[in-house]
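Below is one structure, written out as structure tokens, with a few remarks after it.
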2 protein chains.
Amino acid sequence: MIKIVLVDDHFMVRDGIRAILEDEEQYSVVGEASNGPEAIELVQSLSPDIVICDIRMPQMSGIEVVQKITALDNSVRTIMLSMHDSDEYILQSINAGAEGYLLKDAGKEEFLKAISVVSKGDKYFSGDVSSILVRSIKGSDSSNISAIDTNVAKKQSSKDLFELTKREAQILRLAVSGMTNKDIAQELNISKRTTEVHRFNLMKKMGVKNVLELNNKAREYGMIP
Amino acid sequence: MIKIVLVDDHFMVRDGIRAILEDEEQYSVVGEASNGPEAIELVQSLSPDIVICDIRMPQMSGIEVVQKITALDNSVRTIMLSMHDSDEYILQSINAGAEGYLLKDAGKEEFLKAISVVSKGDKYFSGDVSSILVRSIKGSDSSNISAIDTNVAKKQSSKDLFELTKREAQILRLAVSGMTNKDIAQELNISKRTTEVHRFNLMKKMGVKNVLELNNKAREYGMIP
DNA sequence: TCAAAAATAAGTATTAATACTTATTTTTTA
DNA sequence: TAAAAAATAAGTATTAATACTTATTTTTGA
């Protein structure tokens, strides 16, 4: 179970994010803060895995919050939420120690992907943001290019979040295309019973109870085209 | 069964389109032409419902072809295929009598939606194209605005293509969300047997044999969000 | 090289979906 | 207001999926 703390001065935003995460079993929103000092307190008392923090808040900015959180406990991963994709903000967030930067107009799918990528220890920056990064990195020394990956390279990590094996991922793709276990067995030259086990295991790993939920979840995480 | 004639000087393009349409039971590609005169002949002998025509061809341009076809038989609906979204081409196509304008880089989904919309008597213009239309209409008199609708307003007409009833469309949405017949019955306060019948009927109408194919097809046609 | 992980496959039950048909009651709408 | 269309629901069978467990054989990685 991945523990998440939400930091945003708008109740509506926190509530929206909470609603999205409530449908996902592997995540649990353990706390909410509406300002910086509260957030820092919460992180100390709850030691969450991920903090999702708005960049623009009264009193203390998200940048400062992330800076302080990272200084206190650098096992906590932070994702910045922002309205804008200005170079300034993004670079400052990275320097402060943020592992992700998401525009607020990102869809649910991208949002979940960002969390899944960051929770695996990778970094996530939404589409437009990555190009800004690339631009800024081109001017500097390239020693940290491997450390800052763009989301393009992270497509396959959603598979890892659920720890699917190669065969399971393969069967997932075939199953959501509408093939029955029998069809899949024939296609892969294995027994129907084997595909049943694979399907059972992968459904358990992904926490779904029928093929359609499997399909919907796989789509949400961008695991299928 | 909706009869379609393909007109394009490239064999590969015709073949690709044919392959897409072969998976769709409600359509049948009854003829192919590689140039204008051939196309006109085919339309006269086969009287198809829809002609899909490339705009740029040697000898006779797609615009001319559509013009002549419309003059001969104005029950035939035409969709223009183009590489470019230039104002010129689009406006000329509309004047020639085309009911749709599709960029060649449109995906399968958009392609199918365009055909479904046009086959119902509506007009379809792909995203970027609509803005050009709006721009050109703004300068002229607005008497023909209602005649030229953009694809945005056409979302619901795919439901009509399969002639789904209101209840069927409702059950489609619930079914693809992962709900079982029992769940749906409870939700709608009807018997499980009733939802089974609705599901059976709607699957028959859409020509699919399980929920996942139903899901995939509904997505293809933009019937579900 | 050897232990751990993955892939294979069978067993046993239960539940849900698919594939129809028939038939009554409501709604629409021409 | 009568006829057509839609929604309702039951019947009967068959097939497929779901929910496990156990167990053997391959692969693979440290």
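Just so it is clear, the structure is predicted and the values come from calculations on it, not from any experiment. Chain naming here is simple, since letters A, B, ... match the order of the sequence lines and numbering starts at 1 in each.
- At least one side-chain nitrogen or oxygen of T165(A) sits closer than 4.0 Å to the OP1 or OP2 atom of dA7(C).
- Between T194(A) and dA9(C) there is a side-chain polar atom (N or O) within less than 4.0 angstrom of OP1 or OP2.
- For the pair R199(B) and E196(B), the salt-bridge criterion is not met [side-chain N within less than 4.0 Å of a carboxylate O].
- Of the side-chain N and O atoms in N181(A), one or more sit less than 4.0 angstrom from OP1 or OP2 of dA17(D).
- Salt-bridge annotation for E213(A) and K217(A): absent, with no side-chain N of the basic residue lying under 4.0 Å from a carboxylate O of the acidic one.
- Among dC20(D), dA9(C), dT8(D), the nucleotide with an atom closest to any side-chain atom of F200(A) is dC20(D).
- Judged by distance alone, with hydrogens and angles left aside, R193(A) brings a side-chain donor or acceptor within reach of the base of dT12(C), the pair sitting under 3.5 Å.
- Among the atoms of the strands shown, only primed sugar atoms or phosphate atoms (P, OP1, OP2) are found under 4.0 Å from some heavy atom of K166(A).
- OP1 or OP2 of dA10(C) lies within a sub-4.0 Å distance of a side-chain N or O belonging to S191(A).
- Using the Watson-Crick or G-U wobble rule with both distances under 3.5 Å, dT22(C) pairs with dA9(D).
- If you check every strand for non-hydrogen atoms under 4.0 Å, T180(B) touches sugar and phosphate atoms only.
- For K182(B) and dT15(C), the shortest distance from a side-chain N or O to OP1 or OP2 is not below 4.0 Å.
- Which of dA7(C), dA9(C), dT21(C) sits closest to the side chain of V197(B) comes down to dT21(C).
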